[in-house]
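Structure first, commentary second.
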Amino acid sequence: MRRLLPLIALALPACHTHDEATTEVPFSDDFERSELGPDWFPSGGVWHIQDGRIESYGGNNAPLFLKAALPADVVVQVEVRTGHGVDAKVELMADGLRHSTGYVFIMGGWDNERSCIARLDEHGRDRKCKKPTGVKGKSKQLWRIEKKGGDIDWYVDGALYLEFDDPEPLSGPGHDRFAFSNWQSHLHYDDLRIWPYAEAPPR
């Protein structure tokens, strides 16, 4: 048994490569290919590329993480297509491995009962929510999320949708990853763009 320990120790680092940065910000991806590629880490669930878009129909809160370290102040823009159940999510300033380790942006969750921005817990008491959601199933939207310090603004199709003020903003190692997320909805994501806040084009 003792002879096996060094071999196990050598193997462990290879099992924990989710925190490696294979790309950097500014970043863009139009998903015009057949495979996810080395810049993406699927932590579980069902994630693949179909017809030039990320498709998920059962993420089970196991996000698809981008392997890039985000700056503290950042802007993210992405096209989101929802199915009948809506319930679309992205995660920002997460740890690169687990769900709900940063800010979670939920559109039409809980059977389209509410949309929320949550910090570290999508059921947390400090989340900011919108009811009614103002969205319907089978829709296409352009999301833009702007984070500057603790000021977080979520725009949908150019209009402010929700905002969150965090007195202890998340950033840095352990809180510097972006992810697509999903519970059990049929979702598509496309045309992802990420910029440092100061370099982002105007809305």
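The structure displayed is predicted, hence computed values, not measured ones.
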Show your working on side chain to side chain contact (heavy atoms under 4.5 Å, CB included) between D39 and F27 and close with a plain yes or no.
CA-CA 11 Å; D39 294 337; F27 176 84; 4.2 Å; yes
Are any non-hydrogen side-chain atoms of H123 and W110 less than 4.5 angstrom apart?
yes
If two hydrophobic side chains count as joined below 4.5 Å and joins carry through other members, does V104 share a cluster with L70?
no
Looking at E35, I'd like to know if its CD atom is crowded, meaning that more than 12 non-hydrogen atoms belonging to other residues, nucleotides or ligands lie closer than 6.0 Å.
no
What's the verdict on side chain to side chain contact (heavy atoms under 4.5 Å, CB included) for W143 and W154, showing C-alpha distance, side-chain angles and the deciding distance?
CA-CA 7 Å; W143 292 14; W154 179 10; 3.7 Å; yes
Using the rule that Ile, Leu, Val, Met, Phe, Trp and Tyr join whenever any side-chain heavy atoms are under 4.5 Å apart, tell me whether L92 and L97 fall into a single cluster.
no
D121 and S100: CA distance, side-chain angles, deciding distance, side-chain hydrogen bond (donor to acceptor under 3.5 Å, both in side chains) verdict
CA-CA 6 Å; D121 179 1; S100 213; 4.9 Å; no
Examine V80 and L36 and state if one hydrophobic cluster contains both, with Ile, Leu, Val, Met, Phe, Trp and Tyr joined whenever side-chain heavy atoms are less than 4.5 Å apart.
yes
Are E20 and T22 linked by a side-chain donor-acceptor pair shorter than 3.5 Å?
no
Just verifying a value: how many Å separate M107 CE and I117 CD1, rounded to the nearest 0.5 Å?
10.5 Å
Minimal heavy-atom distance between P26 and W195, with the atoms involved, is CB-CD1, 4.3 Å
Does R53 count as lying over the ring of Y189, i.e. NZ or CZ under 6.0 Å from the six-ring centre, within 45 degrees of the axis?
no
Taking atom types as modelled and ignoring hydrogens, do the side chains of N61 and K89 form a donor-acceptor contact shorter than 3.5 angstrom?
yes
Does some side-chain heavy atom of N60 sit less than 4.5 Å from a side-chain heavy atom of Q184?
yes
Close side-chain approach of L187 and Y57, heavy atoms under 4.5 Å
no
Side-chain ion pair, R144 and E146, N-O less than 4.0 Å
yes
Distance (rounded to the nearest 0.5 Å) between R127 CZ and F164 CZ
11.5 Å
Rounded to the nearest 0.5 angstrom, the CG-CG distance for D126 and D165 is 11.5 Å
A side-chain contact here means heavy atoms from C-beta on lying under 4.5 Å apart; do V86 and S185 qualify?
no
Test item: side-chain donor near acceptor, E55 and H186, under 3.5 Å
yes
To the nearest 0.5 angstrom, please state how far the OG atom of S115 sits from the NZ atom of K128.
15.5 Å
Euclidean distance, R119 CZ relative to D166 CG, rounded to 0.5 Å
4.5 Å
E79 side chain reached by Q141 side chain, heavy atoms, under 4.5 Å
no
How close do G45 and A62 get, counting heavy atoms only, and between which atoms?
N-CB, 3.9 Å
More than 12 heavy atoms from other groups under 6.0 Å of NE2 on H84:
no
Polar contact flag, side-chain donor to acceptor under 3.5 angstrom, E122-H99
yes
Does CD belonging to E113 count more than 12 external heavy atoms closer than 6.0 Å?
yes
Between CG of N182 and CG of D87, what distance do you get to the nearest 0.5 Å?
7.0 Å
Can you check whether D95's main-chain N or O pairs, donor with acceptor, with T101's side chain at less than 3.5 Å?
yes
State, to 0.1 Å, how close G96 and F41 come at their nearest heavy-atom pair, and which atoms those are.
O-CD2, 3.5 Å
Got a sec: does the CZ of R114 have more than 12 other heavy atoms crowding it under 6.0 Å?
yes
Hydrophobic cluster membership, Y103 vs L66, 4.5 Å side-chain cutoff:
yes
Is there a path from L120 to F178 through hydrophobic residues (I, L, V, M, F, W, Y) whose side chains come within less than 4.5 Å of each other?
yes
Does the structure place the NZ or CZ of R177 under 6.0 Å from the centre of the six-membered ring of W40, at an angle of no more than 45° from the ring's axis?
no
Would a distance-only check, ignoring hydrogens and angles, find a side-chain to backbone donor-acceptor pair under 3.5 Å from H175 to G102?
no
